[in-house]
Engineer: 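Here's a structure for you.
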Amino acid sequence: MRKQIVAGNWKMNNDLDASKSLVKKITKKLKKKSLKDTRVIVAPTFVSLQKVAYKAKGTKVEVAAQNMHQAKSGAFTGEISAEMLKSVGVNIVILGHSERREYFGETDVILAEKVNAALENKLEVIFCFGEVLEDRKSEKHFSVVESQIKNGLFHLEASAWDNIILAYEPVWAIGTGETASPEQAQEMHAFIRKIVADKYNQEVANNVSILYGGSVKPSNAKEIFSKEDVDGGLIGGAALNADDFIELVKSF
Ligand code: 13P
């Protein structure tokens, strides 16, 4: 059965010292909580990954990368491969974040290749997608989300879905303070689960965790996470503060 997950995407924030200090605070605070069923993930920048993974080892906190390149190795200046992530103790990677799609030209085709490379290297993938405001205003949000999921993931075998986590992040809600209402999130998550069930089967659909992302904070998390098809959150801003992040983890 699917797991509840709270994942913090630190984006381009926190140098090495700040990253170490934040993960230390989070692991310390989590020790006291009983969270048997909730997975807690943090995603620092590449330069902090190794140290954060080292500090998180043996704790409740898992560590994810924010991106990776699809090739195994070679002349790709500035890039990091799946194997390299594994070599520093990272087992999860975020792919398809709207900031990668928008600012770094990551297309569905590139993302499908990245998904394959990650899975081949036994990395779990947090696959992000979501519509921009224009799409929602013109009622294209369902078709946009469907095509992002289809193009990025529907080439996979059903068994590969054991290592896929979905993250619905409406672009208009990211970093804007504006959140999808719990009803809007539930409506989209139910739609996502249905298209996965139609493509594969009900078991695959029931087992995949679907996270919501976009201005989730302690004040609104409880209501969003209480929705049937919302299995947790991918958190930006509020994940940079240990107390807020722990509040979010406790919101289930
Ligand atoms: P905010 O929580 O800052 O809106 O960011 C969400 C996000 O993009 C997580 O990946």
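Counting convention: from 1, in listed order, for ligands and their atoms alike.
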Engineer: Do E131 and R136 sit within salt-bridge range, that is, some charged N less than 4.0 Å from a carboxylate O?
Structural biologist: yes
Engineer: Among E113, E120, E79, E83, exactly one meets salt bridge (Lys or Arg N to Asp or Glu O under 4.0 Å) together with K72. Which residue is that?
Structural biologist: E83
Engineer: Salt bridge check: are K29 and D243 linked by an N-O gap of less than 4.0 Å?
Structural biologist: yes
Engineer: Describe, in one word, how the ring planes of Y200 and F154 are oriented to each other, choosing from parallel (under 30°), tilted (30 to 60°) and perpendicular (over 60°).
Structural biologist: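 Ring orientation of Y200 relative to F154: perpendicular.
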Engineer: So which heavy atom in the protein is nearest atom 6 (C) of ligand 1, and how far is it from that ligand atom?
Structural biologist: G236 N, 3.7 Å
Engineer: Using modelled atom types and a 3.5 Å cut-off, is there a donor and acceptor pairing between side-chain atoms of T179 and backbone atoms of S181?
Structural biologist: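 It does not hold such a pair.
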Engineer: Quick one: which ligand 1 atoms are inside 4.0 Å of a heavy atom on S215?
Structural biologist: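 This gives 1 (P), 2 (O), 4 (O) as the contact atoms.
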Engineer: Between G175, G8, A239, G177, which one has a non-hydrogen atom sitting closest to atom 4 (O) of ligand 1?
Structural biologist: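 Shortest heavy-atom distance from atom 4 (O) of ligand 1: G175.
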Engineer: Before accepting this row, confirm whether a basic side-chain N of the pair D108/K150 lies closer than 4.0 Å to the acidic partner's carboxylate O.
Structural biologist: no
Engineer: Quick one: look at C128 and ligand 1, take heavy-atom pairs under 4.0 Å, and tell me if it's side chain, backbone, both or neither.
Structural biologist: neither
Engineer: For G214, counting its heavy atoms only, list the atoms of ligand 1 lying under 4.0 Å from any of them.
Structural biologist: 4 (O), 6 (C)
Engineer: I'd like to know if the side chain of R39 reaches the main chain of K3, judged simply by a donor and an acceptor atom lying under 3.5 Å from each other, with no hydrogens or angles considered.
Structural biologist: no
Engineer: Going by the atom numbers of ligand 1, which of them fall below 4.0 Å from some non-hydrogen atom of A173?
Structural biologist: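 Near A173, meaning under 4.0 Å from one of its heavy atoms, ligand 1 has 4 (O).
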Engineer: Starting from atom 3 (O) of ligand 1, locate the nearest protein heavy atom and write down its residue, its atom name and how far away it is, to 0.1 Å.
Structural biologist: G237 N, 2.8 Å
Engineer: Pick out which of D231, D37, V6 makes a side chain to side chain contact (heavy atoms under 4.5 Å, CB included) with F252.
Structural biologist: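 Only one option passes, and that is V6.
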Engineer: Is ligand 1 less than 4.0 angstrom away from at least one heavy atom of K11?
Structural biologist: yes
Engineer: Of the backbone atoms (N, CA, C, O) and the side-chain heavy atoms from C-beta on, which set of L234 has a member under 4.0 Å from an atom of ligand 1: side chain, backbone, both, or neither?
Structural biologist: both
Engineer: Around atom 9 (C) of ligand 1, find the nearest protein heavy atom and jot down its residue, atom name and distance.
Structural biologist: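 In this structure, atom 9 (C) of ligand 1 has E169 OE2, 2.9 Å as its nearest protein heavy atom.
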Engineer: With a 4.0 Å cut-off on heavy atoms, does A238 reach ligand 1?
Structural biologist: no
